[in-house]
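Taking it in order: structure first as structure tokens, then the write-up.
Chain letters run A, B, ... following the sequence lines, proteins first, then strands; residues in each count from 1.
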Amino acid sequence: MTETAQTPNPITTIEQAGAQAGGTVTIRGWLYNMRESGKLLFPIFRDGTGTMQGVVSLKEQPEVFAALKGLPQESSVVVTGSVRTEPRAPGGFELGVTGLEIIQRVPDSAPYPIQLKEHGVDFLLDRRHLWIRTPRQAAILRIRAEAQRAARNYMDAQGYTQTDAPIFTPAACEGTTTLFEVNYIDDQKAYLTQSGQLYVEALAAALGKVYTFGPTFRAEKSKTRRHLTEFWMLEPEAAYAHLEDMIQLAEGLVSSVVQSVAKNRTRELALIERDVKALEKIVPPFPRITYDDAIKVLQKAGHPAKWGDDLGGDEETIISKEFDRPVVIHRYPTAMKAFYMATDPARPELSLSFDMIAPEGYGEIIGGGERLADYDTLVERLRAHNLPEESFQWYLDLRRFGSVPHSGFGLGLERTVAWICGTEHIREVIPFPRMLYRVYP
RNA sequence: UCCCCGGUAGCUCAAUGGUGGAGCAUUCGGCUGUUAACCGAAGGGUUGCUAGUUCGAAUCUAGCCCGGGGAGCCA
């Protein structure tokens, strides 16, 4: 592509174009769609920042008209024209096109596959690399970026240092879920991390308050709208922190992320038709109930739950529907939580754990709690969970050398963003979703 | 791994066991304010695969393949 900077008109983005009404600008992008009406063409351009309608009249711009007429969807173009206020145009502005440079013309023999109409999920996921060009998908990805930025800002402001846990790990962090095994160098086996949890504990003992924010992998055969095999998790961990500290941090983090998106991505939220009012209500403190009370709520709702049962998706939905904000459920039975979870000294059958359940049935977005600090108890738990002790020697070192109370949690980015966006499925909120039976494109 | 639903034109979907259709997309024609524009015409099919029942199967049966949703498990 040739450099077009020699054009006398300023190159601008569609997002910025409205501010230059009355002026002439150049936009570099793609032809999103085109409507024709006799001797008038209404091309709609997109450039990644938005879409803008153009107008070309045969009478006034015969050369541009001829070049544009019949140009297939998604052909790349550099267009020049005058920006003007136009109530009839979507967005309120339109571009009176006076110049057109076609960078690449999509061949007529193989037209762009994605139309401006509904498609099936399978079709779209097979063409995810093109699907992300549609305004809705682009808006969701911008909201994701805002959520990530806001999350980092909040953690940094709370005095947490961002660190990074390894992707290759020698063994499971938690014995329960399935791991992706990879061939490491010279016949060694390694696994893709399912959580940075253990490593972030070591980093907390080194740096005090830390968090990681990166991809994690779970080879679970889960086929639901809430699951991905590769997803991003933000995992804070703080030395000398207790359960209550983490619940408050989680409330602050989630509300800060939601408020930032509501404030800074209003255009995108409007485009995907998400009710901002529901988001503005997300301010701390969030409702909290104990696991004990959660069981009672379920029983009152006519659900045959009994103490000791795990809370599945249906149960979470029943509880979350009682509130219009995320709800914190804390102190689950020790038996149903990971081996490293600390127990409640007042009631040893309970763990100092908590989950945060998003409203509207989006499920668990946070899981965490206080960690076991005692060496002997931790060794007992490793054995009880049938975990290979030799792989955890470095982790046990954290209890040998200056063990302290410490706590943390994991926040699932995609579930959080899916809830904020109100998307049907979690796969829409990550650029290239990795799911059961789907690793293409 | 288990349970439920689906697979028909490029896409979204119709079609009582009796000649496989529509809208959109594509190509051609028309239209000076369109809003997934509209109007007219044309091309486009091994009905997921295999076997079976039947005079006759997109339709009924069995097996397999692929996809979706859910359970379990989890963020």
* To do: Please determine, for B:U32, whether a Watson-Crick or G-U wobble partner exists with both distances under 3.5 Å, and give it or none.
  => none
* To do: Would you classify A:Gln53 as touching base, sugar-phosphate or nothing, given that sugar-phosphate means primed atoms plus P, OP1 and OP2, and contacts are heavy atoms under 4.0 Å?
  => base
* When you compare B:C24 with B:U1, how far apart are their C1' atoms, in angstrom units rounded to a whole number? -> 41 Å
Got a list of protein N/O to nucleotides 6-10 of chain B N/O distances below 3.5 Å?
unit_1 : atom_1 : unit_2   : atom_2 : d
B:G10  : N2     : A:Gln115 : NE2    : 2.6

* Look at the side chain of A:Ser222 against the base of B:C73 and say whether a donor-acceptor pair falls under 3.5 Å; ignore hydrogens and angles. => yes
* Which distance, rounded to the nearest 0.5 Å, do you find between the OH of A:Tyr291 and the NZ of A:Lys337? -> 10.5 Å
* Asked: From A:Thr416 OG1 over to A:Ile426 CD1, what is the distance, rounded to the nearest 0.5 angstrom?
  -> 8.5 Å
* Using the C1' atoms only, state how far B:G7 lies from B:A15, rounded to an integer number of Å. => 16 Å
* To do: Check whether any side-chain heavy atom of A:Val64 sits under 4.5 Å from a side-chain heavy atom of A:Thr98, and report yes or no.
  => no
* Asked: Can we call the ring centroids of A:Phe168 and A:Phe180 under 6.0 Å apart?
  -> no
* Indicate, with a heavy-atom threshold strictly under 4.0 Å, whether A:Ile366 touches base, sugar-phosphate, or nothing. => sugar-phosphate
* Asked: Which nucleotide in the set B:G33, B:A75, B:C73 lies at the smallest distance from any side-chain heavy atom of A:Asp310?
  -> B:C73
* In whole angstrom, give me the gap between the P atoms of B:U61 and B:A25. => 37 Å
* Answer yes when A:Arg226 and A:Glu316 have at least one side-chain N-carboxylate O distance shorter than 4.0 Å, and no when they do not. => no
* Using the P atom in both, what is the distance from B:U16 to B:G48, to the nearest Å? -> 16 Å
* For A:Val55 and for A:Leu413, locate the closest nucleotide of RNA chain B by heavy-atom distance; then report the residue assigned to the nucleotide nearer the 5' terminus. => A:Val55
* Reckon A:Gly120 touches a base, only the sugar-phosphate, or nothing at all at heavy-atom distances under 4.0 Å? -> sugar-phosphate
* Aromatic stack A:Phe42/B:G33: centroid gap under 5.5 Å, interplanar angle under 30° -> no
* Structure fact -> Partner of B:A71 under the Watson-Crick or G-U wobble criteria, both distances under 3.5 Å, comes out as B:U1
* To do: Please tell me if the side chains of A:Pro441 and A:Phe432 come closer than 4.5 Å, counting only heavy atoms from C-beta onward.
  => yes
* Asked: Looking at CG of A:Asn153 and CD of A:Glu146, how far apart are the two atoms once the value is rounded to the nearest 0.5 Å?
  -> 8.5 Å
* Under the side-chain contact (heavy atoms from CB on, under 4.5 Å) rule, what do A:Leu198 and A:Phe392 come out as? Steps first, then yes or no, please. => CA-CA 9 Å; A:Leu198 271 41; A:Phe392 288 91; 3.4 Å; yes
* Identified pairing partner of B:U19, criterion: Watson-Crick or G-U wobble below 3.5 Å -> none
What N/O pairs connect the protein and nucleotides 66-69 of chain B at under 3.5 Å? Give each pair on its own line.
unit_1 : atom_1 : unit_2   : atom_2 : d
B:G67  : OP1    : A:Tyr437 : O      : 3.4
B:G68  : N7     : A:Lys223 : NZ     : 3.2
B:G69  : OP1    : A:His425 : NE2    : 3.1
B:G69  : OP1    : A:Arg427 : NH1    : 3.4
B:G69  : OP1    : A:Arg427 : NH2    : 3.0
B:G69  : O3'    : A:Arg225 : NE     : 3.3
B:G69  : O3'    : A:Arg225 : NH2    : 2.8

* Asked: With a 4.0 Å cut-off on heavy atoms, is A:Ser57 in touch with a base, just the backbone sugar-phosphate, or nothing at all?
  -> nothing
* For the residue pair A:Thr80 and A:Thr24, what are the closest heavy atoms and their distance? -> CG2-CG2, 3.8 Å
* **Touch class at under 4.0 angstrom, heavy-atom based, for A:Glu36 against every strand present** => base
* **Rounded distance in Å between the P positions of B:G67 and B:U8** => 14 Å
* **Nearest-angstrom distance, P atom, B:U46 to B:G20** => 14 Å
* Asked: Could you give the CD-to-C1' distance, from A:Glu220 to B:C74, as a whole number of Å?
  -> 5 Å
* Structure fact -> Applying the 3.5 Å cut-off to both distances, the Watson-Crick or G-U partner of B:G45 turns out to be none
* To do: Would you tell me if any nitrogen or oxygen in the side chain of A:Arg226 comes within less than 4.0 Å of OP1 or OP2 on B:A71?
  => yes
* Asked: A:Asp355 near the nucleic acid: base, sugar-phosphate alone, or nothing, with a heavy-atom cut-off under 4.0 Å?
  -> nothing
* Answer with yes or no whether A:His119 presents, from its side chain, a donor or acceptor under 3.5 Å of a partner atom in the base of B:C11. => no
* Across all strands, who's sitting opposite B:G6 as a Watson-Crick or G-U wobble pair, both distances under 3.5 Å? -> B:C66
* **Rounded distance (Å) that lies between atom C1' of B:G72 and atom CD of A:Glu315** => 12 Å
* Asked: Are side-chain N/O atoms of A:Gln16 and A:Gln20 paired as donor and acceptor at under 3.5 Å?
  -> no
* Taking atom P in both B:A22 and B:A42, compute the distance separating them and give it to the nearest angstrom. => 10 Å
* Describe the nucleic acid contact of A:Glu60 in one word from base, sugar-phosphate, nothing, applying a heavy-atom distance below 4.0 Å. => nothing
* Using the C1' atom on both, measure B:G44 against B:G10 and round to a whole Å. => 9 Å
* Distance-only side-chain donor-acceptor flag, A:Glu370 / A:His406, under 3.5 Å -> no
